[in-house]
Structure formats: structure tokens, C-alpha cells
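Taking it in order: structure first as C-alpha cells, then the write-up.
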Amino acid sequence: MSVAVAPGRAWYLPIRGAEGDHLPLDAVLEAVAPALEAPDVTVVGQNLKYDLQVLWNAGARVDGPIFDTMIAAALLHPERRGNGLDALAQDLLGVTLVPTEALIGKGKRQISMLEVPLEDLATYAAEDADATWRLYERLRDELRAAPTALRDLIETLEFPLVAVLARMERHGVGLDLDLLEETREALEGRVAALRDEIQEAAGATFNPDSPAQLGEVLFDRLGLRVVKRTKTGRSTDASVLETLAAESDHPLPGLVLRYRELTKLLGTYVAPLPGFVSARDGRLHASFHQVGAATGRLSSSEPNIQNIPVRSDAGRMIRRAFVPSGPDRVLMSADYSQVELRMLAHLSGDAAMREAFDAGLDVHAFVAAQVYGVPLEEVDDERRQVAKTVNFGIVYGQTAFGLARTLRIPQGDAAAFIEAYKARYPGIDAFLATCVARAEADGYVETILGRRRPVPEIASRNRNQRALGERLAINTVVQGSAADLIKVAMRTLDARLAAADAPDAAMIVQVHDELVFDVARDALPATEALAREVMTGAMDLDVPLVVDVASGATWADAKG
DNA sequence: GCTAGGCGACA
DNA sequence: AATTGTCGCCTAGCC
């Protein structure tokens, strides 16, 4: 539901759904289209990403700046993140709205807006438009009074990004349904066979999908060791099964590990993905959520295209099903190398860490050499792995206990490494402390572009909650600043790809440090050059940004 | 049908 | 207690 604003006028767009039944839309479009195309008219609404798609599908152009009340509210009032329009109207305006749920239901019973009777919709729409408008006036005033950085973030990055994400969603991703079908049949066969082997090894009939039943078999029937406990019982997660497989030489833990891997792929990806293919264009249109994560990262759903498997062989089969939109096209992936660690080096100004990136070295090996005090050439795999784990863990606020558990090394060794690390990179240590101090002093932390996240845990009387608050304070600044960076790159890339002389390419997916493009084969060199230029130049940091680019006939082949 | 818990995919 | 951020599948228990 949108409101288009012209000087002295406002229109309400009773958009009912993405397809069909556009009687009201047609009439309104006719009246509003000239205003929507005027570059000085701000288009106001909630969830404008959706409205833009409807308008585009109806043939309208929307050229002016936009003001999305839900985005503005999420960024100006991050403590209310997740609130819907009705909760915001209640909290900020004192207005009680009929929740959208009352109209279309929720969960499995949810219906399309198209199915709502017109008379019900009319009352709801009038209220909704009124609240959206009043919320806009309120947030517009708050935005004017906001700190400069936050205002810039919202006006010049997040609002323009609404249209960028709308285009990405609308373009979608090609899916090789034949390959998925083949993969499904192959996986179903292997899963059925594993199921039999599992019953055989257990000497009992039980449901291996049930952690409770599996626990009974492993711990009661077979008498294996309880390695770890959950809130309610005995854990059977992968790390436990690996431990049991190594120390018990009973076949069951290994079989269940394999079974879990394959059923995960089958149940979460291979079987459901075809159901997301659009009847209109045969492509898959995932959703991207601009304020889906507390740190400023995007999230994705229906389907979540940010957690498509890549690590295992079977997982990579699934990536092979993601293909370009037509013949003579390829998928190109451009991903930031070590972006969070580079951001940490920049934010902390740590001289030694910056040196590694300036020299273009393997940063994990570099850190291993420095912390262990050996020449770079003498760093072995094991020491590099320790350094790599710490490099990742440091931005999560990892403890010696956690590092020891991850690497399965003695806690004393882990503590010694972390101490040496902090001594070797004092700038990083000081920066981490600053993040915590800011959270304590202000109750929130800020990213490089001034995005804010409240950290109420930091003031808790509970020691564990305070420790959590410290980790959140650190991680949010680093992860959120990296999210700011790629969003800047996306905004610029979208504009450059829309220019008259742009290569024939569309940006279609973002996975936190990676952008995927659907590219005409002929346009590949130009697109690669453009992505490198824009991504490496998105911010002027004190360390170089490095982007790895690869392309191929499928997403699996577009990995370097 | 709904929710919580366990688990695991990705960054 | 012990490493951040997501989304979604399956089971189990409750209504």
C-alpha cells in the first residue's frame, strides 16, 4: 500500500496483489503515473519494494526518490526492529490499527490480498493509508533531526537500495528443474538405503529424524557416551556424532551423520526449490529483507537464497541447478576477500594487521607466523588453521574455551594463542575494548556509516548477558560495517548497470560478501571490470579491498 | 494448527 | 557460560 506525494497532493494506491485484478490499480495508475514519473516527487509507503514490483509489472515507471516508512522506522528506532505497521502506529502515533493478519490471516492459513473482499479491503486500506501517511510525517521530521551520518545512511543508501533489491527480486534466478529432479531421485535412493543400514546397525526400528529417539538408541540401547547436553536432554548434533564415531567404532554415529547430511539437502533444498519457480517466467524469485538482521546485513527467505549449500560434494550439486536466465548467458560471482578482517584492520588502525593486507599476503599464514614467531615459509597447515580460526573468532568475541572446543586443542594452548595475538595486534585489542566501552556508555554501537544497534544486554545484572552484550557490541560493528560496504557497492553497481552504455548484466543475488550477476557472455569482461572497480572502490579504507571474480554455466562453476 | 526445541545450511 | 548473524525442516507436545 503506497502513498505517492506531489506538492500539495497525495494519492493512495490500493494495490491488491502482484498479479491480476488490477481494476483499482489501473484507475489509480492513470491518475498517479505522471506524478510517479516526475523526478522531484517522493514516493511514500510501507514495504515499497513490493509496491515497486507491482507498479513495474503494471507498466508504470517510478523515477522519483522514495521514502519507505518501515525502513525508516527500523533504522531510526532500531529498538523496535521487527515491529509491523500496526505496532509502530500504536507505539509512535498512539493509533490502534486492524493488524494485516486480521485481514489475510497468518501461517498456513494466510491468503492473498487478492482474495480479500473489496469492501473489507476498502476500510482497511483507508486506515492503512492514513497511518502510513502520519507515520511518514513523523519519521520525516525525525529524519531531519537525526545525526548527519544516520540521515545520510537512510537517505542516500537504504532508501535507494529498496529499488535495487526490488529489481534483483523481480529478475530472479534460473533453475535447472531437470537436474533437481535427477538429484532428488538419487538422494531419495541413498536416503532409503541409509535408513535401512541405520535400523540394522541400531538393531531397532526408530525414526532417525528424531533427536530424542536417536538419543535413546545411542545412549540407552548402545550405551555410548553422553558428550554434550542440550537444554532438555542429551545432544546428538554433528560434533557429538563425530566424537562418538571416532571413539566408539560403532557404525551408527557415522551412518547418522551421512543420513543427516543427505536428508538436510533433500528436505530443505532439492525437494522444495521447484515449488518456488514462477509460472510467469520460470525463474525463482527469492525475497531479500533490507532490515532483516540486527547488524544491517540483508536476510533472505522463500526461499533463503543465502544458505544454498556449497561445502559438500552433494551440496555443490544443488548449486549446479542455479543457472543464467537464457542461452549465451553465464553466472558471474564477485566476492570480497576477507572483508570482515579487512574492515577490522581499518576500523582498528592496527599497524601490523594493515601491513599484512598492504603486502597482499595470506593473512592467516601471516598471523600464524607472527604469533608463533616463525618465518612465513615455515608455517604449517595446523598453525595456519589455528590462526584462521582466531581471525574469524576474534570478531565474535571468542574465548579460550570456545577456541579450544572448536579446534579440539587444550584450553591452555588456546588461551596462550589469544594472548599472543592480542599482544601482537594491540590496535585490534584496543578497538575491541572501545566497542564495548561505547556500548556501555551509550547503550548502542554504530557501524562505519552510523547504523545503530542497541545493546541492552551490556547493562544486564546477569554476567552471562553482559558477556553476550560485549560480543554483540564487537561483532555488530565489524559485521555491520561490512554490510554497509557491500550495500554501497550494490547501490552504485545498480546505477552503473542501468546506464546507457552498461554491459548486458543483472545483479541477482547477494550473500553478505558476494554478489552474483546474470551476464550475457559477450558482456562478461566488461561486467567483471565494473564489479571489481565498484566493489573495491565502494569505500576508501586504510587497507586495500580485494575482490575475487569467477563465472560459469552454473552458480557452482562461478566459484573461484 | 501452533509453538518450542534441536539441528544444520550459509556468511 | 563459554562465537556473531540469519532461515527453515522435522519432531513432539499442547490446544
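Note that the coordinates shown come from a computational prediction; the quantities given were computed from them, not determined experimentally. As a basis for the values below, the full set of heavy atoms in this structure was taken, side chains included, without hydrogen atoms, waters or symmetry mates. Note on naming: letters A, B, ... go to the chains in the order of the sequence lines (proteins, then strands), and numbering restarts at 1 for each one.
A/I305 has its CD1 atom 13 Å from the C1' atom of C/dC7, to the nearest Å. Taking atom CD of residue A/Q510 and atom C1' of nucleotide B/dA11, one finds them 9 Å apart after rounding to whole Å. The distance between atom CD1 of A/I418 and atom P of C/dA2, rounded to the nearest whole Å, is 15 Å. Protein atom CZ of A/R260 is 17 Å distant from nucleotide atom P of C/dC9, rounded to whole Å. Per the geometry, CD belonging to A/E457 stands 12 Å off C1' belonging to C/dT4, to the nearest Å. Between the CG atom of A/L214 and the P atom of C/dC10 there is a distance of 17 Å, rounded to whole Å. Atom CG of A/L472 is separated from atom P of C/dA2 by 12 Å (rounded to the nearest Å). The nearest whole Å value for the distance from the CG atom in A/L468 to the P atom in C/dT4 is 6 Å.
A/G267 comes within 4.0 angstrom of sugar-phosphate atoms only, judged by non-hydrogen atoms across all strands, and of no base. Nucleic acid contact for A/L298: none, since no nucleic acid atom lies under 4.0 Å from a heavy atom of the residue. Across all strands, A/A294 comes closer than 4.0 Å only to sugar-phosphate atoms, never to a base (heavy-atom distances). As judged by a 4.0 angstrom heavy-atom cut-off over every strand, A/E302 is placed among residues touching the sugar-phosphate backbone only. Counting non-hydrogen atoms under 4.0 angstrom, A/R466 reaches nothing in the nucleic acid. A/Q213 comes within contact range of the sugar-phosphate backbone alone, with a heavy-atom separation under 4.0 Å but no base atom that close. Contacts of A/A404 with the nucleic acid, taken as non-hydrogen atoms under 4.0 Å apart, are absent.
Here B/dA9 is the nucleotide among C/dT11, B/dA9, C/dT4 with the atom lying nearest to any side-chain atom of A/K264. Closest to the side chain of A/T399, from the set B/dA11, C/dA2, C/dT11, is C/dA2. With distances taken from any side-chain atom of A/D237 to the nucleotides B/dA9, C/dT4, B/dG8, the minimum falls on B/dG8. For A/N475, the side-chain atoms get nearest to C/dG5 when compared with the rest of B/dA11, C/dT11, C/dG5. Nearest nucleotide to the A/V310 side chain, out of C/dT6, C/dT4, B/dC10: B/dC10. When distances run from any side-chain atom of A/T232 to the nucleotides C/dG8, B/dG5, B/dA11, the shortest one goes to B/dG5. When each of B/dG6, B/dA11, C/dC7 is scored by its nearest atom to the side-chain atoms of A/T230, the top-ranked nucleotide is B/dG6. Closest contact between the side chain of A/T236 and the listed nucleotides B/dA9, B/dC7, C/dT6 involves B/dC7.
OP1 and OP2 of C/dC9 both lie 4.0 Å or more from every side-chain N or O belonging to A/T263. Contact annotation: A/N464 side-chain N/O to C/dA2 OP1/OP2 distance is not under 4.0 Å. Phosphate contact (OP1/OP2 of B/dC7, side-chain N/O of A/S235, threshold under 4.0 Å): present. Dashed line: the shortest gap from a side-chain N or O of A/R316 to OP1 or OP2 of B/dC10 is not under 4.0 Å. Residue A/S210 has a polar side-chain atom (N or O) positioned under 4.0 Å from OP1 or OP2 of C/dA12. Contact check, A/R311 against B/dA11: a side-chain N or O comes under 4.0 Å of OP1 or OP2. A/T268 has no side-chain polar atom (N or O) that falls below the 4.0 Å cut-off from OP1 or OP2 of C/dC9. At the phosphate of C/dC7, neither OP1 nor OP2 sits under 4.0 Å from any side-chain N or O atom of A/S300. Under 4.0 angstrom from either OP1 or OP2 of B/dC10 there lies no side-chain N or O belonging to A/R297.
Taking for each of A/R81 and A/P211 the nucleotide of DNA chain C with the nearest heavy atom, the 5'-most of the two is the partner of A/R81.
Residues A/T295 and A/Q479 have side chains that bring a donor and an acceptor to within less than 3.5 angstrom of each other. Inspection of the A/Y259 and A/D209 side chains reveals an N or O donor paired with an N or O acceptor under 3.5 Å.
One cannot find a donor-acceptor pair under 3.5 Å joining the base of C/dT6 and the side-chain atoms of A/Q306. Within 3.5 Å, no donor on the side chain of A/K231 pairs with an acceptor on the base of B/dG5, nor the reverse.
Salt bridge absent: A/E242 and A/R258 never bring a charged side-chain N and a carboxylate O closer than 4.0 Å. Ion pair A/R221/A/E216 not flagged as a salt bridge, since none of the NZ, NE, NH1 or NH2 atoms sits closer than 4.0 Å to an Asp/Glu carboxylate oxygen. The pair A/D350-A/R424 fails the salt-bridge criterion, with no side-chain N (NZ, NE, NH1 or NH2) lying under 4.0 Å from an Asp/Glu carboxylate O.
Using the six-membered ring where Trp is involved, A/F392 and A/H364 have ring planes that are tilted, between 30° and 60° apart.
In this structure, A/R234 forms no cation-pi arrangement with A/F219, as its terminal cationic atom is not both closer than 6.0 Å to the ring centre and no more than 45° off the ring axis.
Residues A/E528 and A/S551 form no side-chain contact, since every pair of their non-hydrogen atoms from C-beta on lies 4.5 Å or further apart.
For the C1' atoms, the distance linking B/dG8 with C/dA1 amounts to 22 Å, nearest Å.
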